[in-house]
Each structure stands twice: as C-alpha cells, then as structure tokens.
Amino acid sequence: MNDGQLLRYSRHILLDEIGVEGQQRLLDAQALIIGAGGLGSPAALYLASAGVGRITLADGDTVDLTNLQRQILHTDGRIGESKACSGKIALQTLNPEIRVTAVSRRLAGEALEALVADADVVLDCCDNFATRHAVNRACVKLRRPLVSGAAIRFAGQLAVFDARREDTPCYYCLFPEGEDVEELRCAVMGVFAPLTGIIGAMQAAEALKLIIGAGEPVVGRLWLLDGLAMTWRCVKFARDPQCPVCAPRA
C-alpha cells in the first residue's frame, strides 16, 4: 500500500482483526455482485469504500424512476441507463483506486460460471429465484462463498453459504427449487427503503469478513429481520443429505 492508501484505510488498519494484512487482502480481492438494485447498491458502495480492489457488478435492468426510493447507486440523471453502468460510475466516483466491471445482462450458464470462477466472494443481491438457484449451483460447483440477502415489505433475511467448508448447506438446502414457490416482487408488494440498506450493508460486512478471514460468517444460520418491530430471529439449518446440488452424490 502507498501512503494514500494507508491513510484512506487507516480506520480498518487500526482494527486488530484487519490490520495491514487484512486490508491488503481486500485490495487484492475480487467480488461479484449479482444485482445493482436495492440490496446491491449499499453492498457495492461498502465494498468499494472498504477497498475491495476489483468489483464486478452484474445487472440486466435499466434505471427507472421507481428505483430511486431505495437504489442509492443511481440518480435522476441516469434514468434509462444500464444499472450496471450507472453503478460503475457511482463506485468509481466513491473510490477511484478500485477497478469496476459492469456487466449489463442477466447472467446464466457458462458466462455466470466464468465470473463466479474469477471471484473470491459472490453476493446474491437479485430478486428472482431462477437467478438465485443458478448462482448457488455455480458457487457450489466452483467452491466460492456466497452471501445471500433478500428484502420485501418490512421483512429482510441474510445467510452465507460457503462450499469450501465440509458438510455446510447450500441455498437449495434452505429454499428448494420448485414450481410451487411463490415469488414476491417489490414492484407488486412494495419494500421499505431503509430495509434494503440494512440487509445490503450486512451482506457487505459478511463478504468483507470472508475475504479478510475475520470473525465467523453466518454459515448454517438464516437471520430474519422484522423491520416494523426491529427484531431479529435466527434459524439454524443443516445440509440436506438428499440435496441435488451440494450433497456428496450430487
């Protein structure tokens, strides 16, 4: 690190759990963020400000006026632009030293796997089950840690899935894929703006911990937030031995 970086990240470096070595890990790391909306916005901003050296921001959508109530990466002036490109502008304005790659399409198949393979940590900040399950399968296959968040109305949730660990569950173990799963969308159900900030910031925190190797990530635990009562509930869960994605026979 140069003198400017030592000063910029000095409040991290002062923490015993991070220090110079931990901050250098952040500078050398690459994060993949799937979704540049309500969750991806705060998550990306905190990763950028914390000094994650390379960030890939993937989103196939464009900025809409209705997004601006909670998607703090974007502005009125960028309505109609790609969310990924709009997010790149915001992140590089915040921290010009990092490298941001914008992917303005919905990821699937080999393209998704290629980006997951290049990442040290993946953040699932999307809003649909098809993408969530595709990202989960890629992370299990390539043994990449996955930080998953969700927010709807006043309810939020957070979990970490780390395929590098033995006998740990994956996203499918917790939320099996099926036609009978009801998909709730903010466009129909609404969402409390600060809720996305809370969950997105926590996703960033878990991602930074995974990169640095500090603390204990919330693996095998689902944190549920009731934003109206501002209460948290933790549900523990284990790997499904019959899981078609992460069980040994899979």
Side-chain angles (χ1 to χ4, degrees), residues 32-47 57-76 78-80 82-84 86-87 90 106-107 122-136 139 146-161 169-208 217-237:
L32 170 61
I33 303 175
I34 311 290
L39 299 174
S41 290
L45 287 167
Y46 272 114
L47 293 189
L57 192 60
D59 197 308
D61 201 1
T62 56
V63 180
D64 184 81
L65 181 62
T66 61
N67 301 148
L68 303 184
Q69 162 251 16
R70 65 199 178 283
Q71 298 182 17
I72 56 177
L73 274 176
H74 314 301
T75 65
D76 275 275
R78 296 201 288 273
I79 289 175
S82 154
K83 285 186 181 180
S86 172
R106 184 168 176 173
L107 293 175
V122 179
L123 288 80
D124 170 13
C125 301
C126 72
D127 62 355
N128 66 88
F129 282 116
T131 300
R132 289 183 186 277
H133 281 289
V135 171
N136 176 65
C139 287
L146 171 62
V147 183
S148 177
I152 193 74
R153 291 182 173 173
F154 290 90
Q157 66 184 40
L158 173 78
V160 173
F161 309 93
C170 74
Y171 184 83
Y172 191 105
C173 296
L174 183 61
F175 298 109
E177 196 170 10
E179 295 180 358
D180 58 338
V181 176
E182 182 182 7
E183 192 158 79
L184 304 178
R185 306 294 290 272
C186 294
V188 178
M189 308 301 294
V191 63
F192 187 45
L195 178 72
T196 60
I198 295 169
I199 301 298
M202 292 183 69
Q203 286 184 264
E206 290 300 307
L208 294 174
V218 291
V219 174
R221 291 177 286 160
L222 175 66
W223 279 99
L224 301 166
L225 170 63
D226 178 346
L228 280 176
M230 202 51 70
T231 56
W232 286 95
R233 185 163 60 95
C234 180
V235 178
K236 293 185 178 180
F237 61 98

Problem - side chain to side chain donor-acceptor pair (under 3.5 Å) involving S86 - partner list, sequence neighbours excluded - result: H74, R78

Exercise for the section: Would you check, one step at a time, whether the test side-chain contact (heavy atoms from CB on, under 4.5 Å) holds for N128 with R106? Expected result: CA-CA 11 Å; N128 66 88; R106 184 168 176 173; 2.7 Å; yes

Handout entry: T131 and L107, any side-chain heavy atoms less than 4.5 Å apart
Key = no

Fill in the blank from the handout: The side chain to side chain contact (heavy atoms under 4.5 Å, CB included) partner of L158 among L225, L224, V147 is V147

Practice task
Work out which heavy atom in S148 is nearest to a heavy atom in Q203; give both atom names and the distance.
Solution key: C-NE2, 3.8 Å

Fill in the blank from the handout: Residues P42 and G197: closest non-hydrogen pair is CG-CA, 3.9 Å

Handout entry: Whether S41 side chain and G38 backbone form a donor-acceptor pair below 3.5 Å
Key = no

Handout entry: Pairwise distance CD1(I72) to OG1(T196) - rounded to 0.5 angstrom
Key = 7.0 Å

Practice task
With sequence neighbours excluded, tell me which residues meet ring pair (Phe, Tyr, Trp, His ring centres under 6.0 Å) with Y171.
Solution key: H133, F161, F175

Completion exercise
Smallest heavy-atom separation, D59 atom then S82 atom, equals O-OG, 4.5 Å

Practice task
Report yes if some heavy atom in the side chain of Q157 is under 4.5 Å from a heavy atom in the side chain of L222; otherwise report no.
Solution key: yes

Completion exercise
Applying side chain to side chain donor-acceptor pair (under 3.5 Å) to D64 and not counting sequence neighbours gives T66

Handout entry: Over all atoms of both residues, closest heavy-atom pair of Y172 and N136
Key = N-ND2, 3.6 Å

Handout entry: V135 side chain reached by L32 side chain, heavy atoms, under 4.5 Å
Key = no

Problem - Student check: side-chain heavy atoms of L68 and I79 closer than 4.5 Å - result: yes

Problem - Listed partners of F237 passing ring pair (Phe, Tyr, Trp, His ring centres under 6.0 Å), at least two apart - result: none

Problem - Shortest non-hydrogen contact between C125 and G40, atoms and distance - result: CB-N, 3.5 Å

Handout entry: Shortest non-hydrogen contact from L57 toward A44
Key = CD1-CB, 4.4 Å

Problem - Value rounded to 0.5 Å, distance of CG in L146 from CD in E206 - result: 12.0 Å

Practice task
Answer yes or no: is there a side-chain heavy-atom contact under 4.5 Å between I152 and L195?
Solution key: no

Exercise for the section: Carefully, step by step, assess K83 and N67 under the rule side-chain contact (heavy atoms from CB on, under 4.5 Å). Expected result: CA-CA 10 Å; K83 285 186 181 180; N67 301 148; 3.3 Å; yes

Handout entry: ring pair (Phe, Tyr, Trp, His ring centres under 6.0 Å) against Y46, all qualifying residues, sequence neighbours excluded
Key = none

Practice task
Drop me the distance from D226's CG to T231's OG1, to the nearest 0.5 angstrom.
Solution key: 4.5 Å

Practice task
Can you measure from CE (M189) to CZ (F154) and round to the nearest 0.5 angstrom?
Solution key: 12.0 Å

Exercise for the section: State which residues pass side chain to side chain donor-acceptor pair (under 3.5 Å) with D124; sequence neighbours excluded, sorted by chain then number. Expected result: R132

